[in-house]
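Take a look at the structure set out below.
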Amino acid sequence: MSTALLSIDLGAISRNWKALDARTGCETAAVVKADGYGLGAGVVARTLAQAGARKFFVAVAEEGAAVREAIGPGPDISVFSGHLADDADLIRAHDLTPMLNSVDQMLRHVEALPGHAFGLQLDTGMNRLGIEPEEWAALRDIAMRQKPRLIMSHLACADDPPHAMNTSQLKAFHQMTDGLDVPRSLAATGGILLGPEYHFDLTRPGVGLYGGLPFADAEPVVSIDLPVIQIRNLTPGETVGYSNTWTAARPSRIATVAAGYADGLHRTMSGKARVYSGAHACTIVGRVSMDLIGIDVTDLDHEPETLSILGSQQTVDDLADAAGTIGYEILTSIGGRYRRHYTE
Ligand SMILES: *Cc1c(COP(=O)(O)O)cnc(C)c1O
């Protein structure tokens with residue numbers, strides 16, 4: 001078997017959801033956008049529905065359709081991008097709830113699907129998605145008559161608790177929504193950890209479910225084991241990989257493993273990331289190429305059959321640090337070439 005193995009611990013995803021749910025007194029949804037942060041939206045959503053989640057969020061209507069196929073009728077599936085042109089059929093057929101982001105989306109929705117459920121997304125300062133405060137002042141009474149299911153906004157700096165943006169967005173959210181008779185949601189994973197004043201009626205964790213920061217107490221979910229396909233001996237002065245970026249300074253043993261940047265193991269990890277044989281760390285040498293990576297295994301006392309790049313020795317955030325990115329990007333870059341093994 002020369003394909004790398006991706007193991008996904010569904011039990012850990014359930015326990016992470018329950019642990020985040022236990023930190024609040026309100027309902028906890030689950031964000032399964034981008035194919036469940038790369039881990040498989042259908043299987044992840046089914047697992048979380050079994051754990052008790054009744055509300056799911058995705059980025060676009062097509063993702064919502066896939067999640068509905070997987071979990072069947074019943075749970076709410078809401079779409080962050082709202083109601084875009086040509087979305088009406090998908091929204092109706094799969095009973096999705098668009099989070100409307102503008103007056104235009106509101107008009108499109110009530111015209112195309114009168115009486116169909118929707119929510120509203122407000123911009124409290126992130127300037128990414130949502131209705132602006134001035135727009136909201138004009139729209140608010142009309143929108144409330146249509147009975148939205150939820151009003152939500154999103155925090156820009158929740159992973160940095162002392163950041164002034166958190167309190168400023170909290171204040172704006174109160175100003176825009178206090179006194180309205182509708183459930184409210186502000187917190188994703190980071191917002192849950194900021195404390196109860198950020199929780200409102202519903203939280204929307206994503207990355208914490210999948211073992212990523214800022215949920216430092218998360219159980220790890222993902223492990224990746226790379227098969228060694230060759231081991232060779234180098235004499236001092238020999239080089240490894242494209243562009244000769246690494247030169248042996250001593251007699252060395254180099255293992256070539258079967259995975260590369262096409263598998264989400266970014267080229268920026270070259271020369272920086274580590275892989276593990278048990279507890280023993282080995283460094284990546286030379287450029288990460290599309291399908292192959294060179295590893296210095298000189299100091300191992302055995303010939304490894306596989307080397308671990310994600311698992312108990314190294315989390316998605318450790319690996320992200322080595323690549324100059326964040327755990328979210330490591331997860332969602334994993335790609336489709338792995339053998340996938342789901343455990344309960
Ligand atoms: C992605 C996203 C979430 C989940 O965020 P995490 O940081 O992964 O918990 C919640 N709400 C919105 C609007 C999002 O875009």
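Both backbone and side-chain heavy atoms feed into the values below; hydrogens, waters and symmetry mates do not. Just so you know, ligand 1 is whichever comes first in the structure, and atom 1 is the first atom listed for that ligand.
When hydrogens are left out, the protein atom nearest atom 5 (O) of ligand 1 is Ala188 CB, 3.3 Å; that is the closest non-hydrogen contact. Annotation: atom 9 (O) of ligand 1 to nearest protein heavy atom, Thr189 OG1, 2.5 Å. For atom 3 (C) of ligand 1, the closest non-hydrogen atom on the protein side is Lys33 NZ, 3.7 Å.
Residue Arg204 has at least one N or O atom closer than 3.5 Å to an N or O atom of ligand 1.
Using cut-offs of 30° and 60° on the angle between ring planes, the pair His116 and His109 is perpendicular.
For CG of Asp86, the number of neighbouring non-hydrogen atoms (other residues, nucleotides, ligands) closer than 6.0 Å is 12 at most. Counting heavy atoms of neighbouring residues, nucleotides and ligands inside a 6.0 Å radius, atom CD of Gln50 does not exceed 12 of them. Within 6.0 Å of CZ in Arg274 there are 12 or fewer heavy atoms belonging to other residues, nucleotides or ligands.
Residue contacts with ligand 1 include Met152, since one of its heavy atoms falls under 4.0 Å from the ligand. Proximity of Arg128 to ligand 1 is established by a heavy-atom distance of less than 4.0 Å. Proximity of Pro205 to ligand 1 is established by a heavy-atom distance of less than 4.0 Å.
Distance check, rounded to the nearest 0.5 Å: CD1 of Ile330 to CG of Leu319 gives 4.5 Å.
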* Ile77/Asp95 under side chain to side chain contact (heavy atoms under 4.5 Å, CB included): CA gap, chis, key distance, verdict -> CA-CA 8 Å; Ile77 301 174; Asp95 190 18; over 6 Å; no
* Ser78 and Met152: CA distance, side-chain angles, deciding distance, side chain to side chain contact (heavy atoms under 4.5 Å, CB included) verdict -> CA-CA 11 Å; Ser78 299; Met152 59 166 281; over 6 Å; no
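Of the options Tyr37, Tyr328, Phe57, the smallest heavy-atom separation from atom 4 (C) of ligand 1 is shown by Tyr37.
Near Val207, meaning under 4.0 Å from any of its heavy atoms, are these atoms of ligand 1: 6 (P), 8 (O), 9 (O).
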